[in-house]
Student: 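Can you read through this structure? Questions will come right after.
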Amino acid sequence: MAAPGLRLGAERLFAMPGVLELLSRSNSTSQAFAEVLRLPKQQMRKLLYPLQEVERFLAPDRRQDLHLRIFDPSPEDIARADNVFTATKGNRIDCVSSAVRIDHAPDLPRPEVCFIGRSNVGKSSLIKALFSLAPEVEVRVSKKPGHTKKMNFFKVGKHFTVVDMPGYGYRAPEDFVDMVETYLKERRNLKRTFLLVDSVVGIQKTDNIAIEMCEEFALPYVIVLTKIDKSSKGHLLKQVLQIQKFVNTKTQGCFPQLFPVSSVTFSGIHLLRSFIASVTGNLD
Ligand code: GDP
């Protein structure tokens, strides 16, 4: 994570136009991020910091309910994280293995993060968006009922592994809980679990099963709110406040800051990449 002195993420980016200019001219900034830096300010804020963007619509006394800036990377850190997610000759990104059982899971020494969520929550779309800087990566979707669902392991250079877990819900295979439960319980190098919740409908019964699992195994996990482009600002704020209250009062292991994303508009994708890079030790 950024050094405390650098933690003024959004403010720093918007208060100092020089930062934008320097970054967009720097050779180490990916082309994709340089393009983001050329967007009009408001569009850029919405894309990079979706929660801070909706904060403007909250009454000042409600703002302290939301933990908006616990993870607030500097623009330089966002650019570094984008580089980690960019496929190059020296930074290969690909799906290295699929497994139906934990004892078939590859033995990968690097830090790992995994994504779990109900079927249809937007998990494949989100993983595709995260890997949009590695267009060769194929995110497999197997949704037909009866198809065996697998855990897919994506190696991101020498940095970390991203694991796409099968979706739960009415189409989940019967042994789903066993597979996910065993993975979550036994995977030693698992650094963070990203639990996806559909921002349109909020936390559902089946999401609670996953939340209880994470709590029971004392795993550090994060709630990612998907499909934020589908709701009005008012509805999104209502859901965000409700889920934040749930996180504050009912969870122990959940990271207090929510991560809203849209795989359609790409809002929040850069911030999520930065968080993944940070929890796997790649922004130190
Ligand atoms: P999965 O079953 O969790 O892998 O879900 P998918 O990624 O396949 O998404 C399920 C449906 O939601 C598909 O029709 C997607 O096009 C749609 N979807 C996924 N993410 C988003 C998003 O961010 N915004 C919108 N509007 N639709 C989305």
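Numbering of ligands and ligand atoms starts at 1, following listing order. Throughout, numbering of the chain's residues begins at 1 and tracks the sequence. These values consider heavy atoms only, across backbone and side chains, with no hydrogens, waters or symmetry-generated copies.
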Student: Strictly under 4.0 Å, does any heavy atom of Gly117 approach an atom of ligand 1?
Tutor: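 Contact check Gly117 vs ligand 1: negative.
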Student: At a 4.0 Å threshold, what atoms of ligand 1 neighbour a non-hydrogen atom of Ser263?
Tutor: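 This gives 22 (C), 23 (O) as the contact atoms.
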Student: For Arg118, counting its heavy atoms only, list the atoms of ligand 1 lying under 4.0 Å from any of them.
Tutor: 3 (O)
Student: Are Glu112 and Lys191 within salt-bridge range, i.e. N to O under 4.0 Å?
Tutor: no
Student: With sequence neighbours excluded, give me every salt bridge (Lys or Arg N to Asp or Glu O under 4.0 Å) pair touching residues 199-218.
Tutor: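 Qualifying pairs, neighbours excluded: Arg118-Asp207.
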Student: Can a salt bridge be assigned to the pair Glu138 and Lys128 using a cut-off of 4.0 Å between side-chain N and carboxylate O?
Tutor: no
Student: Applying a 4.0 Å heavy-atom criterion (strictly less than), which segment of Lys230 is in contact with ligand 1: side chain, backbone, both, or neither?
Tutor: side chain
Student: Under 3.5 Å, is there a donor on one side chain and an acceptor on the other for Arg273 and Thr86?
Tutor: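 Absent: no donor and acceptor within the cut-off.
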Student: Identify, by atom number and element, the atoms of ligand 1 in contact range of Val264, meaning under 4.0 Å from any of its heavy atoms.
Tutor: 22 (C), 23 (O), 24 (N), 25 (C), 26 (N)
Student: Could an N or O of ligand 1 be found under 3.5 Å from any N or O of Val121, whether backbone or side chain?
Tutor: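 Among all N and O atoms of Val121, at least one is under 3.5 Å from an N or O of ligand 1.
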Student: Asn120 versus ligand 1: do any nitrogen or oxygen atoms come within less than 3.5 Å of each other?
Tutor: yes
Student: Could you tell me whether some N/O pair between Gly122 and ligand 1 is separated by less than 3.5 angstrom?
Tutor: yes
Student: Which residue, Tyr221, Phe71, Phe275, forms the ring pair (Phe, Tyr, Trp, His ring centres under 6.0 Å) with Phe255?
Tutor: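 Among Tyr221, Phe71, Phe275, the one meeting ring pair (Phe, Tyr, Trp, His ring centres under 6.0 Å) with Phe255 is Phe275.
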Student: Sequence neighbours excluded and cut-off under 3.5 Å, please list the side-chain donor-acceptor pairs for residues 151-162, or say none.
Tutor:
unit_1 : atom_1 : unit_2 : atom_2 : d
Asn152 : OD1    : Ser98  : OG     : 2.6
His159 : ND1    : Asn282 : OD1    : 2.8
His159 : NE2    : Asn91  : OD1    : 3.4

Student: Polar-atom distance check: Asp229 versus ligand 1, any N or O pair below 3.5 Å?
Tutor: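 Looking only at distances, the answer is yes, because the N/O contact criterion of under 3.5 Å is met.
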Student: May I ask you to list the atoms of ligand 1 that are less than 4.0 angstrom from any heavy atom of Ser262?
Tutor: 23 (O)
Student: Evaluate whether atom CZ of Arg92 has more than 12 neighbouring non-hydrogen atoms of other residues, nucleotides or ligands under 6.0 angstrom away.
Tutor: no
